[in-house]
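As structure tokens, the structure follows; a few thoughts come after it.
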Amino acid sequence: MKAVQYREIGAAPEVVTVPDPEPGPGQVLLRVSAAGVCHSDIAVMEWPAENFPYRLPLTLGHEGTGVVAAIGAGVTGIYEGDPVAVYGPQGCGRCAKCSQGKENYCTRAAELGIFPPGLGAPGAIAEYLLVDDARFLVPLHGLDPVTSVPLTDAGLTPYHAIKRSLPKLVPGSTAVVIGTGGLGHVAIQLLRALSPARVVALDVAESKLELARAVGAHEALLSDDRAPGKVRELTGGLGAEAVFDFVGAQPTVTAAGAMAAVEADVTVVGIAGGALPVGIGTTAFEVTVSAPYWGSRAELVEVLDLARAGAIEVAVETYSLDEAPRAYERLHQGQVQGRAVVLPNG
């Protein structure tokens, strides 16, 4: 089969031919319908050789949807031909966190060498994907596999982050979304669907701000050193009750802290390496700073239910498998509107 792999430190991803996978006991083979292209993949490909955590070559893609092509011995509850989404942050299934469905916080994954597809294990930007357990598959129930594939990360990750802050997003509150690309434009829709908060979007690109307005942001502002002051002006000097940073660079994290109100949540989702000091005088009083990771299996079901109800919709650009390296180039250059999606069998 054809697959897109990162094969050498510092090199661009390549389209290659690899052996067709076959399901063993307990495993499920998917014919991939769609796979998302994410900034996390670029972060992996920018990792220096001295502390690169995965084996190469690595088939990319941690967002996947597909149709069950074959099942291994012992698999029950799922059948050939079923259209499904893949839950990415896979764990051991037995620790305390996994038993709650929070496999994103599995306490034994590193010890057991368990990695998400595309982030250590073979990923979804290939014609076929081997899934180790049927519990990682969520039925699509009529959703379009192309527009729903980003929901497995670009939907699930902001949903998990926002859900934790909903008690603070009461009428009259303000939520700020920093970075309105793949995850951020979904976050805006989630905030509008789940809360009465005023939503303020920040980005450095006018095209991304146009997208933010189109999906429901009440205000869309240029993300620069004046942004914290503008947010405080909009809030009568109080600041925002929740700030979600989907960039995570030092300037955006610093700005997030500067615009946070007393008792606000600052949630750093982006992985660009920024950090916010916590202590008396560094932020407003009792600001909570967190850095969540992905989301639970139950939350993925909830996200797909929201999409089915028409509450959220991901803007996508589609590419053939052969065009996948170009999709990564466009993403790296900031040219993708919404989410880039590869159709390996399209």
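- For His185 (side chain) and Gly181 (main-chain N/O), a donor-acceptor pair under 3.5 Å exists by modelled atom type.
- In terms of hydrophobic clustering, with Ile, Leu, Val, Met, Phe, Trp and Tyr side chains grouped at heavy-atom distances under 4.5 Å, Tyr293 and Leu156 are assigned to a common cluster.
- Linking ILVMFWY side-chain heavy atoms closer than 4.5 Å, directly or via other members, places Leu130 and Val86 in two distinct hydrophobic clusters.
- Between Val84 and the options Val131, Val28, Val138, Leu30, a side-chain contact (heavy atoms from CB on, under 4.5 Å) holds for only Leu30.
- The two residues Asp225 and Pro228 come nearest to each other via the heavy atoms O-CD, 3.7 Å.
- Atom CD1 in Ile71 sits 11.0 Å away from atom CG in Leu137 (nearest 0.5 Å).
- For Val314 against Arg339, the heavy-atom pair with the smallest separation is CG1-CB, 4.0 Å.
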**Request:** Test Arg213 against Glu219 for side chain to side chain contact (heavy atoms under 4.5 Å, CB included), laying out the working first.
**Result:** CA-CA 7 Å; Arg213 295 184 189 99; Glu219 305 282 350; over 6 Å; no

**Check against salt bridge (Lys or Arg N to Asp or Glu O under 4.0 Å), Lys168 and Glu263** = CA-CA 9 Å; Lys168 297 183 180 181; Glu263 294 188 307; over 6 Å; no

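- Both Leu129 and Val149 belong to a common hydrophobic cluster when Ile, Leu, Val, Met, Phe, Trp and Tyr are linked at side-chain heavy-atom distances under 4.5 angstrom.
- Within the 4.5 Å cutoff, no side-chain heavy atoms of His39 are placed close to those of Ile271.
- Linking Ile, Leu, Val, Met, Phe, Trp and Tyr whenever their side-chain heavy atoms come within less than 4.5 Å leaves Val204 and Val231 in two separate clusters.
- For the pair Leu202/Leu222, no side-chain contact is recorded, criterion being any heavy-atom separation below 4.5 Å from C-beta on.
- Distance check, rounded to the nearest 0.5 Å: CD1 of Ile162 to CG of Leu169 gives 8.5 Å.
- Closest non-hydrogen pair, Ala324 versus Ile125, comes out as CB-CG2, 4.3 Å.
- Residues Val243 and Asp265 have side chains not in contact (no heavy-atom distance under 4.5 Å, counting atoms from C-beta outward).
- Looking at every heavy atom in both residues, Asp144 comes nearest to Thr147 through CB-OG1, 3.3 Å.
- The pair Arg326-Glu323 fails the salt-bridge criterion, with no side-chain N (NZ, NE, NH1 or NH2) lying under 4.0 Å from an Asp/Glu carboxylate O.
- Summarising the geometry, atom CG belonging to Asn104 is positioned 8.5 Å from atom SG belonging to Cys98; distances are rounded to the nearest 0.5 Å.
- The number of heavy atoms from other shown groups lying within 6.0 Å of NE2 (His332) does not exceed 12.
- Counting heavy atoms of neighbouring residues, nucleotides and ligands inside a 6.0 Å radius, atom CD of Glu313 does not exceed 12 of them.
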**Request:** Walk me through it: do Val37 and Tyr328 pass the test side chain to side chain contact (heavy atoms under 4.5 Å, CB included)?
**Result:** CA-CA 7 Å; Val37 172; Tyr328 279 111; 3.3 Å; yes

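- A donor atom on one side chain and an acceptor atom on the other are found under 3.5 Å apart for Tyr319 and Glu317.
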**Message:** Before you tell me yes or no, could you show the steps for Leu343 and Val341 under side chain to side chain contact (heavy atoms under 4.5 Å, CB included), namely the whole-Å CA-CA distance, both residues' side-chain angles and the distance that decides it to 0.1 Å?
**Reply:** CA-CA 7 Å; Leu343 311 180; Val341 173; 4.0 Å; yes

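- Remark: Lys97 NZ is loosely packed, at most 12 non-hydrogen atoms of other residues, nucleotides or ligands lying under 6.0 Å away.
- Under the 4.5 Å side-chain heavy-atom criterion for grouping Ile, Leu, Val, Met, Phe, Trp and Tyr, Val199 is not connected to Leu221 through any hydrophobic cluster.
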**Item:** Full working for side chain to side chain donor-acceptor pair (under 3.5 Å) between Asp203 and Ser223
**Value:** CA-CA 5 Å; Asp203 205 287; Ser223 184; over 6 Å; no

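- Electrostatic pairing of Lys102 and Glu299 does not count as a salt bridge here, judged by no charged N lying under 4.0 Å from a carboxylate O.
- Using a 4.5 Å cut-off on side-chain heavy atoms (C-beta onward), Pro150 and Val316 make contact.
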**Prompt:** Under the side chain to side chain donor-acceptor pair (under 3.5 Å) criterion, do Glu63 and Thr152 qualify, and how do the steps go?
**Reply:** CA-CA 6 Å; Glu63 296 176 343; Thr152 60; 4.8 Å; no

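- The heavy-atom pair separating Ala154 from Val186 by the smallest distance is O-CB, 3.5 Å.
- No side-chain donor-acceptor contact under 3.5 Å links Arg31 to the backbone of Val68.
- Side-chain contact between Tyr159 and Leu194: present, with at least one pair of heavy atoms (C-beta onward) separated by less than 4.5 Å.
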**Request:** Show the numbers, then the answer: is there a side chain to side chain donor-acceptor pair (under 3.5 Å) between Asp41 and His62?
**Result:** CA-CA 8 Å; Asp41 304 337; His62 56 270; 3.1 Å; yes

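- Annotation: the span from Leu191 atom CG to Ser165 atom OG amounts to 9.0 Å, rounded to 0.5 Å.
- Atom CG of residue Asp132 and atom CD of residue Gln90 lie 6.5 Å apart, to the nearest 0.5 angstrom.
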**Asked** Would Thr17 and Met1 count as a side chain to side chain contact (heavy atoms under 4.5 Å, CB included) if you check the C-alpha gap in whole Å, the side-chain angles of each, and the deciding distance to 0.1 Å?
**Response** CA-CA 5 Å; Thr17 300; Met1 69 173 183; over 6 Å; no

**Message:** Let's go through Arg94 and Ser99 carefully: what are the C-alpha distance in whole Å and the side-chain angles of both, what is the deciding distance for side chain to side chain donor-acceptor pair (under 3.5 Å) to 0.1 Å, and is it a yes or a no?
**Reply:** CA-CA 6 Å; Arg94 296 185 177 182; Ser99 67; over 6 Å; no

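- Between the side chain of Asp245 and the backbone N or O of Val177 there is no donor-acceptor pair closer than 3.5 Å.
- At a cut-off of 3.5 Å, with distance as the only test, a side-chain donor of Arg164 or Ser290 sits close to an acceptor on the other residue.
- Taking both residues in full, the closest heavy atoms of Val268 and Pro292 are given as O-CD, 3.8 Å, listed atom of the first, atom of the second, then distance.
- Tyr87 and Phe136 have parallel rings, their planes meeting at less than 30° on a 0 to 90° scale where 60° marks the start of perpendicular.
- Expressed to the nearest 0.5 Å, how far CG of Leu56 lies from CD1 of Ile9 amounts to 5.0 Å.
- Judged by distance alone, the side chain of Arg135 and the main-chain N or O of Arg297 form no donor-acceptor pair under 3.5 Å.
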